[in-house]
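Numbers for residues simply follow the sequence, beginning at 1.
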Amino acid sequence: MRIWLIAVGTRMPDWVETAYRDYAARLPHECRLELVEIPPAQRGKNSDLARAKQQEGEKILKALPRDAMIVALDEHGRQHTSVEWSAALKDWMQSGRDTCLLIGGPDGHAPEVLARAEQKWALSKLTLPHALVRVFVAEQLFRAWSLLANHPYHRA
C-alpha cells in the first residue's frame, strides 16, 4: 500500500524538505509515503480566488491514483487523536487500497475535491502553515505506524 500526500505548493524551505524526508523514510515499505506537489494557481492583488481554488482542485483530482481512498485535510473535518490515526492506518493497510491525503492551497479545497473525498480530517483547531502540515502528516503517520508496531517512539 502507498500513502500519497498530494499537496498544493512547491519550493518548500529546506527545513520542511529535511523534516518531511526524515519521517517519510522511517515508514516501512508496506506503507510508504509519497509526495505529489501541485503548483499553486497564480494569485495577485485582484485575483479571482474561487477560480484559483478551482484550478488547484482540477490538478488535485487529476493526480489521484485510481481506486485510492481519499482523505481531504480540511479545517471543517473531524479531528483525530494519534491512536485514531493508528487505527485508520491499520484499516488502510488491510484494505488493499492506496490512500491519498490531500492538502489544499492557501484558500482551501475546491468543492469538487471535498465532494470526491471519502473522509474529511482536520489536523487542529489552529491554522497551520501549509509547509508545516507536510511535516505534521509525515510525523503522525510514522507515529501511527509506531503504535501498530509497538515501537517505543509513541510514549503516551
Next on the checklist: Can you give me the closest heavy-atom contact between Leu147 and Ser86, atom names plus distance?
Outcome noted: CB-OG, 3.4 Å
Checklist entry - How far does CG of Leu35 sit from CG of Leu101, to the nearest 0.5 angstrom? => result 11.0 Å
Checklist entry - If you round to the nearest 0.5 Å, how far is CG of Leu5 from CD1 of Ile103? => result 4.0 Å
Checklist entry - Would you call Lys53-Glu112 a salt bridge at under 4.0 Å N-O? => result no
Next on the checklist: Please give me the minimum heavy-atom distance between Glu56 and Gly105, naming the atom from each residue.
Outcome noted: OE1-CA, 3.6 Å
Checklist entry - How would you list, by chain and number, every residue that makes a salt bridge (charged side-chain N to carboxylate O under 4.0 Å, His left out) with Glu84, sequence neighbours excluded? => result Arg78
Next on the checklist: Quick one, Trp92 and Val71 - any side-chain contact, counting heavy atoms below 4.5 Å?
Outcome noted: yes
Checklist outcome for this item: Here the pair of heavy atoms bringing Leu73 nearest to Leu123 is CD2-CD2, 4.0 Å
Next on the checklist: Angle between ring planes, Tyr23 versus Tyr153, binned at 30° and 60°: parallel, tilted or perpendicular?
Outcome noted: perpendicular
Checklist entry - Is the shortest distance from a Lys or Arg side-chain nitrogen in Glu58 or Lys62 to a carboxylate oxygen in the other one below 4.0 Å? => result no
Item to check | Path from Val83 to Val137 over hydrophobic side-chain contacts below 4.5 Å | outcome: no
Checklist outcome for this item: Here the pair of heavy atoms bringing Leu33 nearest to Ala24 is CD2-CB, 4.1 Å
Item to check | Lys/Arg cation over aromatic Tyr20: Arg134, 6.0 Å, 45° cone | outcome: no
Checklist entry - Would Lys120 and Glu75 count as a salt bridge (charged side-chain N to carboxylate O under 4.0 Å, His left out) if you check the C-alpha gap in whole Å, the side-chain angles of each, and the deciding distance to 0.1 Å? => result CA-CA 9 Å; Lys120 295 169 194 74; Glu75 66 181 333; over 6 Å; no
Next on the checklist: Classify the ring geometry of His151 against Trp145: parallel below 30°, tilted from 30° to 60°, perpendicular beyond 60°.
Outcome noted: tilted
Item to check | Side chain to side chain, Thr18 and Asp22, heavy atoms closer than 4.5 Å | outcome: no
Checklist entry - So, the side chain of Arg97 versus the backbone of Ala68: is there a donor-acceptor pair under 3.5 Å, distance only? => result yes
Next on the checklist: Quick check on Gln42: does its CD atom have over 12 non-hydrogen neighbours (other residues, nucleotides or ligands) under 6.0 Å away?
Outcome noted: no
Item to check | Side-chain heavy-atom pair Ile3, Arg32 within 4.5 angstrom cut-off | outcome: no
Checklist entry - Between the side chains of Gln119 and Trp121, is a donor N or O closer than 3.5 angstrom to an acceptor N or O? => result yes
Item to check | Validation row: Met69, Ser95 side chains within 4.5 angstrom (heavy atoms) | outcome: no
Checklist entry - Between atom OG of Ser82 and atom CD of Gln140, what is the distance when rounded to the nearest 0.5 Å? => result 3.5 Å
Checklist entry - Would you call Arg66-Asp98 a salt bridge at under 4.0 Å N-O? => result no
Item to check | NE2-CG distance between His109 and Leu61, expressed to the nearest 0.5 angstrom | outcome: 10.0 Å
Item to check | Side chain to side chain, Trp4 and Thr99, heavy atoms closer than 4.5 Å | outcome: no
Checklist entry - Which atom names give the shortest non-hydrogen contact between Ala63 and Ile6, and what distance separates them? => result O-CD1, 3.8 Å
Item to check | Distance in Å, Gln54 CD paired with Lys59 NZ, rounded so as to fall on 0.5 Å steps | outcome: 12.0 Å
Checklist entry - Any side-chain heavy-atom pair from Leu148 and Leu89 closer than 4.5 angstrom? => result yes
Checklist entry - At what distance, to the nearest 0.5 angstrom, does SG of Cys100 lie from CZ of Arg116? => result 8.0 Å
Checklist entry - Is Arg143 salt-bridged to Glu139, going by a charged N under 4.0 Å from an acidic O? => result yes
Item to check | Flag side-chain contact, heavy atom, 4.5 Å: Leu102 against Leu64 | outcome: yes
Checklist entry - Within a strict 4.5 Å, meaning less than it, do heavy atoms of the Met12 and Glu37 side chains meet? => result yes
